[in-house]
Amino acid sequence: MEPKPPEFGRFAEPSLLILTSLSDGPKHGYAIMQDVEQGTGRPMGAGTLYAALVRLEEQGLVEPLTPVDRRRPYRLTAIGASNLAEQLRGLSDFALQGLRQLGETQP
Amino acid sequence: MRSLLIRCYPARWRARYGDEFEAILVERPLGPFDIADILLGALDAQLRLRGRRATTEHERGFTMTLRIGGFAAILGAALLTTSIVLGIGVVGSVEPVVPGILLAVGSLALLVALTGLSAFQARVHPILSWAGVAVTALGAIVAIVGIVGIVGMQLFRDGYWNVMTMGVTATFVGSTLFAIATYRTAALSRGAALLLGVASVMTIVAGFGLGPIPLGVTSIAFALGWFVLGIHAVRVDRPATA
C-alpha cells in the first residue's frame, strides 16, 4: 500500500514554497523568506514560515541542521525531494491542461 | 516587542524553535503584517499542541486496547456463564461438546480481555500487569496440552488430568494477579477487581474438592467480575492514574 501523502491544510502553499526554496541546498529561515519573496514577489511572514516548517519537519520532508549563530539551517530529505517532485509534476500537468484548454500550446 | 511576540507561542514550541525564530525577527523590522502573521502562527502552535495532547497516537492506542479488552471481557464472561449453566444441566440436557466449545471460546475471549486491559494498565504497574498475562497464557497452554492428552491418549489419562488441572489453576492465579493490578491501578472498578480476585482464589479452592456446586458458584462470580470490568472498560475512556 502506498503511503498517504502528507496534508498541510492551509499551509500547503507555504510548504510547497519552502520545499522549492530548499531544493538547491540547505537554508536557514530568513534565507528561505528572502528566497520565497524573490521567487513569488510576495513576502512570507515568520509566523507562516515556522507553522509550515514545523509541519514539514514532523512529516520528515525537511530536517534541521546544526545552528550557526542561532540561525538553524534546514535541508530537504529524500522523502521531501520526492514529495516536491511529485507536487511539481502535478502542477505542471495542471498548467499544461489549462494552457491546452486556452489553445496556447503547440499540438 | 519581539520577546512579547515569542512569548505568545507555547513553552514547548519556544524550547525547540524560540532561538532561531528570534534570530529571524532580529533580521528585519517588524511591520503590521509581520505582527499579525506571528500572532496567527502563535495561535496555530497553541491549538496544535493542545489538540495533540488530547489525541496523541499513544493515547488512541491505549483507548483501543481498553475497548477491545472490555468487549472481550463481556463476551468471555457471557460465554463462560452460559457454559457453566449448560454444563450443570439447569436448562435440560445438551450435548457435552456444546458447553465445552463455549468454555474454550469464552476462555480465549477472557485471555484477549486480560491482554488488552493489562496493556492499558501496564503504564502504572507494568510488572504485575504483565506477570498476570504471562501466568495466564502459560496456564492456558498447559491446560490445552492436558485436554488434548485426555481426549487423544488412552494411557496416562490421570497424568494429563493433573496437567490440565495445573494449567487451569495457573489461569486463575494469573487472573488473581490481574485483579490485584486492577485494584491497585484504580483505572477500572475496584469493586469488580475485588470480586474477580476473591472469585479466582475461591475457584482454585473449590476446584480442590469442594464439589461441583461451590465450583459453579465461584466460577459464575469469576465471570461476573470479568463482566463488570468489561462494562467499565468500554464506558471509561480515560488514562490510568496511580
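Order of the sequence lines fixes the chain letters, A, B, ..., with proteins taken first and strands second; residue numbering starts at 1 for each chain. Values below: all heavy atoms of this structure, side chains included; hydrogens, waters and symmetry mates excluded.
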Listing, residues 98-119 of chain B side-chain donor-acceptor contacts under 3.5 Å, not counting sequence neighbours, or none:
unit_1, atom_1, unit_2, atom_2, d
B:S107, OG, B:L103, O, 2.6
B:T115, OG1, B:L111, O, 2.8
B:S118, OG, B:L114, O, 2.6

For residues 129-148 of chain B, dump all side-chain donor-acceptor pairs below 3.5 Å to protein atoms at least two apart in sequence or in another chain.
unit_1, atom_1, unit_2, atom_2, d
B:S129, OG, B:H125, O, 2.8
B:T136, OG1, B:G132, O, 2.7

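Heavy-atom minimum distance, B:A73 versus B:G230: CB-CA, 3.7 Å. In terms of heavy-atom proximity, B:I6 sits nearest to B:R14 at O-CD, 3.2 Å.
For chain A, the option among B:F33, B:Y17, B:W13 with the highest count of heavy-atom pairs below 4.5 Å is B:Y17. The choice from A:T48, A:L49, A:D69 that makes the most heavy-atom pairs within less than 4.5 Å of chain B is A:T48. Ranked by non-hydrogen atom pairs under 4.5 Å with chain B, the options A:A46, A:P67, A:P64 are led by A:A46.
Looking at A:Q34, there are no atoms closer than 4.5 Å to chain B (heavy atoms on both sides), in backbone or side chain. Looking at B:L39, neither its backbone nor its side chain comes within 4.5 Å of chain A, counting heavy atoms on both sides. For A:M44, the part lying under 4.5 angstrom from a heavy atom of chain B is the backbone only.
In this structure, A:Y50 has its ring center at least 6.0 angstrom away from the ring center of B:Y9.
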